[in-house]
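Numbers restart at 1 for each chain; the letters A, B, ... are given by sequence-line order, proteins then strands.
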There are 2 protein chains.
Amino acid sequence: MKDGPDIARIAALIGDPARANMLTALMSGKALTATELAAEAGVTLQTASAHLAKLEEGGLLHMRRQGRHKYASLASDQVAETLEALMGLAAGTGHLRTRTGPRDQALREARICYDHLAGDMGILLYDRLLAQGWLTDDPEFPVITDDGAARFTTLGLDIPALQGARRPICRACLDWSERRSHLAGGLGQALLDLMLVKGWARRLPDSRVIRFSPTGKTAFHRAFPAMD
Amino acid sequence: MKDGPDIARIAALIGDPARANMLTALMSGKALTATELAAEAGVTLQTASAHLAKLEEGGLLHMRRQGRHKYASLASDQVAETLEALMGLAAGTGHLRTRTGPRDQALREARICYDHLAGDMGILLYDRLLAQGWLTDDPEFPVITDDGAARFTTLGLDIPALQGARRPICRACLDWSERRSHLAGGLGQALLDLMLVKGWARRLPDSRVIRFSPTGKTAFHRAFPAMD
DNA sequence: TTCATAGTTCGATCGTAGCCGAAGCATTGG
DNA sequence: CCAATGCTTCGGCTACGATCGAACTATGAA
């Protein structure tokens, strides 16, 4: 009867609408304050505080006090992945009730997933990196090839620094809209940062949507071409 | 605020202990009757009936009437995957409260995940298939090579029949105990069936545990050797 | 037909968890 | 020091949903 871990405990944590909204907001990867999350969830600060305490106690969030602010962020990539899996299910089993509005369309095209690029563009990036042989294709932890390391360095990334970090540099992450893999981990984050810094794309305010400019797309295709 | 699909709806479905127990039981891959599930969840038949209705309405279960019995099974591989993801989280964030008993140990070694082999043995199988070059290493949908097809046919599988089915023949599935991939999909199911039929292993009653016999393990290593 | 088993529907009960108002700490800035 | 802002704690209200007993329907067996 009691096979495996206590799945109900954390599913119940995610199952409350207010908490689910908070978690979804945190999928943007940014750490948010309690007040911001309260607004996001549509509840008062008191109830938000209670929710945050439960989420931290449950191991889903990581809290950091900074001055008189309290910042919350997802506890790990694993949490983000689980949320994406749930989104995939919800998108699929939703009785066509989730008609895809224009906002939703933009989400499918390019969005931030925790801290890296997801959606059509995220998958495209991952495919291109594989096609060029800059990454080996592991189902969970791809590895950077020598070719790839050289290329990333040319683009301005500090690969040794990334490799020194505790966090896995490469990680495959499943996409809820496309049900395919895209690149997460330190490298995924660094690449997205790069694109934002170079002005290829920008984040829409208060949303997970990432909008590529026409010139940005061109630059993307030149930097990550389809084949050798 | 309302980014993406309604994640709370289905998380709440999974979040009830009774329903979570039912879903966990169904991870065995077998279709179970309402009465069996009621026993599994520790509730009366009436409440079980209500839960099953909700789970079906929510798109997590697929129901099939057969005579005066009503069989429930997971609606899709995707549901099973999401449950595994939740188990991974629950195992990790559990405050050391889930001390690994002997039963748990057996689960980690070899268990059934929906309808295919998971745990240490599942990962070992997947690695060996890759090492032999019988499968290409795709993060989500590996492909059977010609070598592999020949090998599987020798073992007694009907590859063309599997390829004809609607279901994806190969699929990588993430393991909650090991956080690595193992083989799901039609091929994963067929291989597990094969091992059970050949008597290499057997299922423990009322559990997801799969026990390999000593001779079975030997046969396994001979059929799927470490390197060429 | 009659009986037994499987499952459903209804109604009532009861807990729990979400919610907010108000008051209480804590940190920063003047 | 005081005032303002960010967050927490407390208490009480409310509502939703899980649960079960009892009565009802449906299928199968004798």
I'd like a table of atom pairs between the protein and nucleotides 22-30 of chain D - only N or O on both sides, under 3.5 Å - with the distance next to each one.
residue	atom	partner	partner atom	Å
dT27(D)	O2	Arg68(B)	NH1	3.4

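Comment: Glu84(A) engages Arg111(A) in a salt bridge, judged by a side-chain N to carboxylate O separation of less than 4.0 angstrom. The residues Arg65(B) and Glu56(B) are annotated as not salt-bridged, no charged nitrogen and carboxylate oxygen being separated by less than 4.0 angstrom.
In terms of the side-chain contact (heavy atoms from CB on, under 4.5 Å) criterion, residue partners of Thr44(B) (sequence neighbours excluded) are, by chain and number, Gln46(B), Thr47(B). With sequence neighbours excluded, no residue satisfies side-chain hydrogen bond (donor to acceptor under 3.5 Å, both in side chains) with Ser49(B). Considering only residues two or more places apart in sequence or on other chains, Lys217(A) meets the salt bridge (charged side-chain N to carboxylate O under 4.0 Å, His left out) condition with Glu109(A). Residues forming a side-chain hydrogen bond (donor to acceptor under 3.5 Å, both in side chains) with Ser213(B) (at least two apart in sequence, or on another chain): Thr215(B). Residues satisfying the side-chain contact (heavy atoms from CB on, under 4.5 Å) criterion with Ser73(A), sequence neighbours excluded, are Ala31(A), His62(A). Applying the side-chain hydrogen bond (donor to acceptor under 3.5 Å, both in side chains) criterion to Ser28(A), with sequence neighbours excluded, gives no partner residue. With sequence neighbours excluded, the residues forming a side-chain contact (heavy atoms from CB on, under 4.5 Å) with Ala72(A) are Leu26(A), Leu37(A), Leu52(A), Leu61(A), Met63(A), listed by chain and number. Considering only residues two or more places apart in sequence or on other chains, Ala50(B) meets the side-chain contact (heavy atoms from CB on, under 4.5 Å) condition with none of them. Judged as a salt bridge (charged side-chain N to carboxylate O under 4.0 Å, His left out), and not counting sequence neighbours, Lys54(A) has no contacts.
Distance, Leu45(A) CG to dT5(D) C1': 11 Å, rounded to whole Å. When the C1' atom of dA18(D) is taken as reference, atom CZ of Arg19(B) falls 9 Å away, rounded to whole Å. Atom pair Leu52(B):CG and dT19(D):P shows a separation of 12 Å (rounding to whole Å applied). In this entry the distance linking CE of Met22(B) with C1' of dT19(D) reads 12 Å, nearest Å. Distance, Leu55(A) CG to dC7(D) P: 15 Å, rounded to whole Å.
Note that the first and last nucleotides of DNA chain C, 5' to 3', having any atom under 4.0 angstrom from a heavy atom of chain A are dG18(C) to dT28(C).
Taking 4.0 angstrom as the limit, Thr47(B) places a side-chain polar atom (N or O) nearer than this to OP1 or OP2 of dC20(D).
Contacts between residues 31-38 of chain A and DNA chain D, defined by a heavy-atom separation under 4.0 Å, are made by Thr33(A), Ala34(A), Thr35(A).
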